2 protein chains.
Amino acid sequence: MRKVTMADVAKLANVSKSTVSQYLNKRYEYMSEETKRRIAEAIEELQYRPNVLARSLKQKSTATIGVIVFNILHMLTTQVLRAIEDMCQQHDFHVIVCNTDDDPEKERKYIDMLWAKQVDGFIIFPTGKNVELYKKMQEARLPLVFVDRTVAGIDADSVLLHNERAVQLGVQYLIEQGYKHIGLVAPPFAPHVIPRTERIEAFHHALRDHGVSVEKEWVITEHVKRIPERLEALFNSNKLPEAIFAINDLTLMEVLAFVKKHQLAIPNDLAVISIDDVPFASIYTPSLTTIAQPTFEMGKIAAERLFMQMNGETSPQMFRLAPMFIERDSAKKRGEKNESSCHRS
Amino acid sequence: MRKVTMADVAKLANVSKSTVSQYLNKRYEYMSEETKRRIAEAIEELQYRPNVLARSLKQKSTATIGVIVFNILHMLTTQVLRAIEDMCQQHDFHVIVCNTDDDPEKERKYIDMLWAKQVDGFIIFPTGKNVELYKKMQEARLPLVFVDRTVAGIDADSVLLHNERAVQLGVQYLIEQGYKHIGLVAPPFAPHVIPRTERIEAFHHALRDHGVSVEKEWVITEHVKRIPERLEALFNSNKLPEAIFAINDLTLMEVLAFVKKHQLAIPNDLAVISIDDVPFASIYTPSLTTIAQPTFEMGKIAAERLFMQMNGETSPQMFRLAPMFIERDSAKKRGEKNESSCHRS
DNA sequence: TTGTACGCGTTATCAC
DNA sequence: GTGATAACGCGTACAA
């Protein structure tokens with residue numbers, strides 16, 4: 001059962017390939033009804049499906065983009081991806097998804113392979129370690145948008161959270177609620193990981209701006225697996241801060257595990273606030289005050305910029321999206337009657 | 001800056017296209033070192049990248065598969081997808097991801113377009129409403145694996161949770177813990193949605209097998225948005241069951257929201273158990289007893305089967321994967337000292 | 001060891 | 001209105 005091609009259709013309909021091609025591309029203008037009918041019948045009878053590959057070869061467009069992320073399992077990624085896919089669906093584009101696990105080597109390989117596959121553009125959550133390659137992509141005028149992180153030295157469209165503002169919102173709220181002893185929990189400082197760096201630095205600035213000194217012990221920048229021991233140490237020496245700012249969902253989970261282990265009351269024993277609006281924030285007890293990233297908007301903008309790049313010239317632009325502060329109960333004023341808090345003695 | 005092709009490389013290296021092709025395909029056997037070197041230099045100098053599209057056209061393989069899911073935002077989907085992508089990465093395959101939102105029309109369109117794009121196979125979370133199309137795919141010997149649901153009348157590889165066993169595990173545990181008044185929370189019954197149907201039916205069977213009668217009021221099969229009012233009604237008439245079985249993560253969230261609203265104590269006021277191991281299960285208070293789906297294994301098997309189909313003949317097979325029971329605190333025996341329970345009066 | 005010529009399934013350009 | 005014919009970029013017999 002060989003694959004049926006345009007030639008087969010043409011033969012059966014007693015016309016030439018070109019006529020069939022015209023028909024498929026709806027260039028009916030000078031086509032007799034009779035011919036149309038015969039072609040339609042032949043297509044139906046042979047169950048003919050045009051081979052998009054051949055068309056792409058000719059037209060130099062695959063209607064496919066590559067999206068390269070660290071890990072599709074992260075909520076941020078999933079949501080951005082969903083928004084991108086929605087946009088692509090509207091344009092009859094397809095999305096190839098790749099996970100790098102933040103490994104530059106995997107990233108390089110994916111970019112190379114997708115490039116070879118002639119994808120029409122890339123949306124990348126960059127590891128930041130393939131600067132030369134990113135440069136080559138730009139030289140080749142390959143549409144490219146960075147999300148979540150930018151890359152120093154590459155002038156490309158980038159869609160990022162306004163990290164500084166996000167931290168400011170959180171710190172300011174804690175201060176307003178009367179907290180002075182505020183800790184931070186984050187993964188290790190790494191210069192090329194923009195969001196992390198920006199958030200850690202913004203935390204220092206924000207405290208200083210409010211006239212609060214930064215207690216070194218309370219700034220935990222550690223691999224996620226080692227965060228528990230750092231928290232334990234503080235607990236054992238009775239030096240817990242009053243409030244903790246978790247810079248993302250992963251670190252938040254560590255904090256909550258710690259809280260549960262010691263049956264601390266939130267917010268009375270420890271106020272908690274985080275960036276990333278985890279799905280259980282509102283059903284957790286107490287409900288969690290969070291600073292949400294506008295993930296769907298990020299994906300939408302990334303896709304829009306990519307399409308703009310594909311349709312001609314646009315100059316690279318940096319988008320800093322506003323975080324959304326979602327007040328719930330986990331960082332309310334201490335001692336305030338907290339309906340949903342839960343303390344056992 | 002025209003695209004550089006093999007011909008350009010050949011010219012610069014002073015050899016013919018075929019020699020370059022040989023080189024690229026590592027058929028070095030009869031090639032002089034000198035030639036190799038010249039070709040390598042030319043490739044480097046011109047920044048040549050082979051056009052995989054043209055190759056695919058010739059070789060009838062795109063090294064790309066299509067994965068069509070309801071919604072990438074669901075945890076099940078994301079995890080299965082991650083496993084699939086990992087397998088594909090090992091085989092140098094790429095994954096195109098599509099969201100149908102359970103809309104048959106979108107599904108049809110995606111299948112058509114990806115088919116036209118010559119993908120080498122499909123992994124589908126089927127809406128179940130495109131039976132004729134699935135059949136055509138099989139007739140065309142297009143590799144195809146269903147995940148999460150099967151489709152009646154289509155004899156294809158399918159990877160599903162052993163839903164009946166999952167429900168049995170949960171019900172049996174609840175009974176063992178002394179619960180007799182057990183409710184179910186599920187989306188509306190829909191015949192073609194296999195997991196839902198199987199779980200609801202298995203619930204009835206399991207209760208009967210344990211000599212417990214099924215209280216109609218306690219079996220809530222309702223659109224997620226209407227679940228709250230059903231629960232409210234029970235609460236207001238003081239007819240809550242002792243325990244609730246949530247058949248998936250979405251319904252679990254509704255139950256937990258309800259529990260929070262009325263400040264019920266889990267498990268003393270209401271025991272809770274669910275299928276789908278939500279990420280916060282262990283940090284929630286009390287920690288949640290769940291029945292986990294082996295999502296990564298599901299993805300792995302789906303991909304393996306797809307590759308097997310691509311490599312020749314295999315007969316369609318149904319895989320029923322064992323659920324994993326994860327005992328935590330949310331469905332412990334009533335009155336038992338529950339370290340992590342939390343009750344305020 | 002290398003080169004020639006053709007095929008893959010389309011589309012675009014002109015003739016007719 | 002329709003049909004040849006030449007691309008598109010690569011793989012591959014087969015010839016040299």
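Naming: A, B, ... by sequence-line order, numbering from 1 per chain. Remember, predicted model here, so these are calculated numbers, not experimental data. Values reported hereafter were calculated over all heavy atoms of this structure, with side chains retained and with hydrogens, waters and symmetry mates removed.
In this structure, T19(A) reaches the dG3(D) phosphate: one of its side-chain N or O atoms is under 4.0 Å from OP1 or OP2. Residue S18(B) places no side-chain N or O under 4.0 Å from the OP1 or OP2 atom of dG11(D). Phosphate proximity of dG3(D) to Y23(A): absent, as no side-chain N or O sits under 4.0 Å from OP1 or OP2.
Take the nearest nucleotide of DNA chain C for K58(B) and for Q22(B): the residue whose nucleotide is more 5' is Q22(B). Nearer to the 5' terminus of DNA chain C, by closest-nucleotide assignment, is the contact made by S16(B) (compared with the other of S16(B) and K17(A)).
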message: Could you go through V131(A) and V151(A), starting from their C-alpha distance and side-chain angles, then the distance that decides it, and tell me whether this counts as side chain to side chain contact (heavy atoms under 4.5 Å, CB included)?
response: CA-CA 7 Å; V131(A) 183; V151(A) 179; 4.0 Å; yes
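For Q59(A), the listed nucleotide lying nearest its side chain is dA12(C); candidates were dG11(D), dT10(C), dA12(C).
Within 4.0 Å (heavy atoms only), V15(A) reaches sugar-phosphate atoms of the nucleic acid but no base atom. Contact annotation for K60(A): backbone-only contact, meaning every heavy-atom pair under 4.0 Å involves sugar-phosphate atoms and none involves a base. S56(B) comes within 4.0 angstrom of nothing in the nucleic acid, heavy atoms only.
We find that CE of M6(A) is positioned 15 Å from C1' of dG7(C), with the value rounded to whole Å. Separating the CG atom of N51(B) from the P atom of dC8(C) is a distance of 18 Å, rounded to the nearest angstrom. Rounded to whole angstrom, the span from the CG atom of L57(A) across to the P atom of dT10(C) amounts to 12 Å. The nearest whole Å value for the distance from the CG atom in L24(B) to the P atom in dG9(D) is 15 Å. Counting to the nearest Å, the P atom of dT2(C) and the CD atom of E34(B) are 9 Å from each other. Distance CD (E33(B)) to C1' (dT2(C)): 16 Å, rounded to an integer number of Å. Rounded to a whole Å, the CZ atom of R38(B) is 14 Å from the P atom of dT1(C). One interatomic measurement links the two molecules: CG of L53(A) to P of dG9(D), which rounds to 14 Å at whole-angstrom precision.
D157(B) and Q309(B) are linked by a side-chain donor-acceptor pair at a separation below 3.5 angstrom, with hydrogens and angles left out of the test. Side-chain contact, T100(B) with E107(B): no donor N or O sits under 3.5 Å from an acceptor N or O. Remark: the S61(A) side chain and the D120(A) side chain contain an N/O donor-acceptor pair separated by less than 3.5 Å.
Pairs engaging residues 132-152 of chain B under the ring-ring contact (aromatic ring centres under 6.0 Å, His included) rule: Y134(B)-F146(B) [sequence neighbours left out].
Side-chain atoms of S21(B) stay outside donor-acceptor range of the base of dG11(D), with no qualifying N/O pair under 3.5 Å.
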